[in-house]
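Only heavy atoms go into these numbers, but all of them, side chains included; no hydrogens, no water, no symmetry mates. Chain identifiers are assigned alphabetically (A, B, ...) following the order of the sequence lines, protein sequences preceding nucleic acid strands; residue numbering begins at 1 within each chain.
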Protein chains: 2
Amino acid sequence: MTKVTILDIAEHTGVSAGTVDRVIHNRGEVSLKTREKVLQAIKKLNYEPDILARSLASRKTLRFAALLPEGSNPFWIKPAEGLNAAWREIKPFGIAFEEYRFPYYHKTKFYRQLNAITESKPDGVVIAPVFTDLLQEPLQKLEDSGIPYVFMNTQWENSNYLSFVGQDSMQSGRVAARLLDYCIPEGGQILIFNFISSKGVNSHLQSREQGFMDYFMSEPGAGKKKILTINANTQINKDIEDLLSYHLGLISNPDEITGIFVTNSRVFHIANALEKIKQANIRLVGYDLLDENIRHLRNSRIDFLIGQKPFEQGYKSIITLFNAIVRKKEVPENQFLPIDIITKENIDFYLNL
Amino acid sequence: MTKVTILDIAEHTGVSAGTVDRVIHNRGEVSLKTREKVLQAIKKLNYEPDILARSLASRKTLRFAALLPEGSNPFWIKPAEGLNAAWREIKPFGIAFEEYRFPYYHKTKFYRQLNAITESKPDGVVIAPVFTDLLQEPLQKLEDSGIPYVFMNTQWENSNYLSFVGQDSMQSGRVAARLLDYCIPEGGQILIFNFISSKGVNSHLQSREQGFMDYFMSEPGAGKKKILTINANTQINKDIEDLLSYHLGLISNPDEITGIFVTNSRVFHIANALEKIKQANIRLVGYDLLDENIRHLRNSRIDFLIGQKPFEQGYKSIITLFNAIVRKKEVPENQFLPIDIITKENIDFYLNL
DNA sequence: AAATTTTCCGTGTGCGTACACGAAATTAAA
DNA sequence: TTTAATTTCGTGTACGCACACGGAAAATTT
């Protein structure tokens with residue numbers, strides 16, 4: 001039960017190791033006849049190359065690149081850590097890795113960096129496609145060079161990505177809906193709060209909202225709750241407070257609103273505002289384990305956070321490239337990460353994911 | 001910025017590769033003076049061995065073993081898959097792996113298998129210590145042989161395990177409590193249902209119950225709910241139905257019980273019984289993604305399941321051995337996996353974890 | 001001082017694969 | 001048929017490390 005090597009199948013075929021190597025790598029210079037014989041022997045002896053010896057002997061180093069926002073945006077710290085953690089593991093296999101960052105809202109630099117990546121001709125790319133308009137052309141250039149790329153966190157349908165690693169946005173909205181539905185009594189009113197931005201991409205916010213609405217449309221018995229949506233284009237505390245006060249005041253009975261769903265990680269702004277305008281007893285659900293959100297979850301001003309496993313998004317993206325390119329495995333087109341429901345009680349176990 | 005090899009530090013020290021190799025492996029036959037010089041050079045040049053070349057050159061294969069219940073118990077299928085998935089990844093490094101199984105309730109065979117493992121003198125072991133009494137002695141034999149072992153799923157404090165991979169049972173009880181607390185109105189009554197067994201180990205059931213109770217003791221405003229505990233030593237449908245009917249009947253107002261917490265994966269029994277005795281509108285929380293539980297979650301007879309990431313438990317246990325033994329890394333003493341909160345809406349993303 | 005032992009160290013080979021180089025075999029051109 | 005041009009294949013070396021073997025140097029004994 002010893003390991004089958006390249007020499008075994010050379011012997012078995014009556015040729016030399018070099019020849020076998022040539023057919024394995026499709027490097028030509030082998031007659032069709034012997035080529036067939038070698039291939040048969042490979043199948044028969046069930047040979048599979050030793051990945052260790054392979055990358056030891058191969059002098060060339062593969063280069064991976066990643067395009068993602070700068071760490072100044074707190075959400076993007078974890079994915080970067082995941083990328084690098086995965087890289088450390090595959091580094092011994094002769095993989096180089098370079099990050100290309102851009103300021104979160106800076107569309108121009110995003111495209112510039114993407115082109116820079118294409119020009120550097122890496123062997124694989126991870127992209128967080130924060131901006132999706134005008135993505136067609138630079139992405140096409142990548143594809144023309146035959147460079148595979150993985151989408152991380154956000155998806156861009158109209159393209160031939162190798163794999164997508166992230167969350168099912170619409171379904172995460174349904175999860176949020178379920179939680180609020182359980183938490184608040186019949187007749188309660190629910191607020192959806194969208195922090196939209198003219199500069200960034202908001203498509204996943206829409207998906208989340210839609211999933212949320214879907215739930216209340218389809219779940220039997222849940223339709224009795226009224227739902228109100230606010231789209232806000234501000235992050236200024238005072239504005240948010242006023243906005244909330246106004247909408248809470250609109251309702252005849254101010255106690256009626258009993259739940260708020262914030263469709264992104266800015267939920268801490270709402271928590272702050274609710275505290276300021278002295279509104280307790282409103283269930284609050286939002287996204288992501290930012291420090292400020294964690295704080296509010298711990299002191300119960302936020303009730304649920306939905307986690308996206310940002311670290312794993314990065315980790316898995318790199319591993320996907322590795323599996324596809326080095327191990328030559330099939331990789332799934334979509335890798336949906338779990339939609340984590342996080343409370344004060346279980347948050348400690350999600351902090352590094 | 002090229003890679004530092006054993007030859008680089010040999011040159012730098014003025015000795016040969018063989019000598020460097022001897023000090024790296026503490027194989028003696030090196031004078032104290034040159035030994036020091038080599039060690040300094042290693043530090044200075046920041047040398048770290050190439051794990052690929054290392055395991056390629058090393059002829060010896062390490063052997064890992066795992067002790068866990070048979071797959072006839074549905075819970076233990078996933079951990080076994082995780083073990084094997086991890087093994088496939090590290091197999092190229094010359095790792096062999098053997099499973100030792102035992103019938104879930106068969107204490108004698110458990111110990112017999114544990115001793116068999118010890119006698120086979122593996123290089124690392126994963127143990128699911130389902131039975132903890134009398135564990136002292138066979139475990140001591142393992143330790144005397146200097147064989148490191150990882151606890152999977154269950155912990156056994158009184159021992160020098162390398163690492164524990166599993167869930168914080170008590171905290172998971174708190175999570176369950178939080179969920180029921182949110183779901184049911186003030187004045188509602190809650191039932192804790194323990195499926196105890198005279199044959200198996202119940203310690204984590206106790207922890208879960210205690211965490212559950214703790215929550216209601218400490219969380220402000222939550223204490224207003226009455227809590228009742230049932231310990232059942234049966235898995236016969238009729239018995240369970242009678243038991244539930246009886247306790248539901250005990251209460252003056254039968255509608256008062258609005259939540260049931262089942263402390264293990266047998267929650268499907270309760271779901272079945274509730275259906276049989278025509279009790280809807282009772283929130284039900286339990287553990288683990290068994291097929292029957294999933295079914296009930298999907299048709300809303302179970303509201304929340306708490307997931308333990310059984311696949312990852314297996315996966316991480318093997319990887320932990322690998323990191324400790326092959327990569328010679330520090331491994332954390334306790335590796336608590338997330339306490340997943342699972343509903344109908346997000347279950348699809350947890351099925352393989 | 002020679003003989004013996006002990007300590008210390010260098011050399012060489014192999015792990016399984018990649019790839020360059022050149023030789024042999026085949027085919028095409030003369 | 002001879003020679004040149006191609007095609008096809010074998011050999012050798014390298015990747016970074018582990019380990020066996022044996023030899024030189026030092027320490028110890030006669």
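- Nearest to the side-chain atoms of A:Ser31 among the listed nucleotides D:dC17, C:dG10, D:dC9 stands D:dC9.
- The OH atom of B:Tyr47 sits 8 Å away from the C1' atom of D:dG16 (whole-angstrom rounding).
- When distances run from any side-chain atom of A:Arg59 to the nucleotides C:dC9, D:dC15, C:dT17, the shortest one goes to D:dC15.
- Of the listed residues (B:Glu89, B:Lys309, B:Lys78, B:Glu81), just one forms a side-chain hydrogen bond (donor to acceptor under 3.5 Å, both in side chains) with B:Tyr315, and that residue is B:Glu89.
- When each of A:Phe164, A:Tyr161, A:Trp156 is tested with A:Phe151 by the rule ring pair (Phe, Tyr, Trp, His ring centres under 6.0 Å), just one qualifies, namely A:Tyr161.
- Distance, A:Ile6 CD1 to D:dT11 P: 15 Å, rounded to whole Å.
- Of the residues near DNA chain C, A:Ala17 and B:Gly18, the one whose nearest nucleotide (by heavy atom distance) lies more toward the 5' end is B:Gly18.
- For the pair B:Arg27 CZ and D:dA20 P, the computed distance is 7 Å after rounding to whole Å.
- Checking C:dC19, D:dG16, C:dT17 against the side-chain heavy atoms of A:Lys60 singles out C:dC19 as nearest.
- Within the 4.0 angstrom heavy-atom criterion, only backbone atoms of the sugar-phosphate kind lie near B:Thr34; the bases stay farther away.
- Within 4.0 Å (heavy atoms only), A:Leu56 reaches at least one base atom of the nucleic acid.
- A:Asn26 has its CG atom 16 Å from the C1' atom of C:dC19, to the nearest Å.
- At the phosphate of C:dG16, neither OP1 nor OP2 sits under 4.0 Å from any side-chain N or O atom of A:Arg54.
- A:Leu7 places its CG atom 8 Å from the C1' atom of C:dG16, with the value rounded to the nearest Å.
- The aromatic rings of A:Phe97 and A:Trp87 sit tilted, their planes meeting at an angle between 30° and 60°.
- Ranking D:dC17, C:dA18, C:dG16 by closeness to the A:Asp50 side chain, first place goes to C:dG16.
- Considering all non-hydrogen atoms of both residues, A:Lys121 and A:Ile147 come closest at CA-CD1, 4.0 Å.
- Taking atom CD1 of residue A:Ile24 and atom C1' of nucleotide C:dG16, one finds them 11 Å apart after rounding to whole Å.
- Between the CD1 atom of A:Ile9 and the P atom of C:dA18 there is a distance of 11 Å, rounded to whole Å.
- Side-chain proximity of B:Thr5 to D:dG16, D:dA18, D:dG10: nearest is D:dG16.
- Between A:Ser16 and D:dG10 there is a side-chain polar atom (N or O) within less than 4.0 angstrom of OP1 or OP2.
- Side-chain polar atoms of B:Gln140 and B:Asp144 form a donor-acceptor pair below 3.5 angstrom.
- When each of B:Arg22 and B:Pro49 is assigned the nucleotide of DNA chain D with its nearest heavy atom, B:Pro49 is the one assigned upstream, toward the 5' end.
- With distances taken from any side-chain atom of A:Thr19 to the nucleotides D:dC19, D:dG10, C:dG16, the minimum falls on D:dG10.
- In this structure, B:Glu29 atom CD and C:dT6 atom P are separated by 13 Å, rounded to whole Å.
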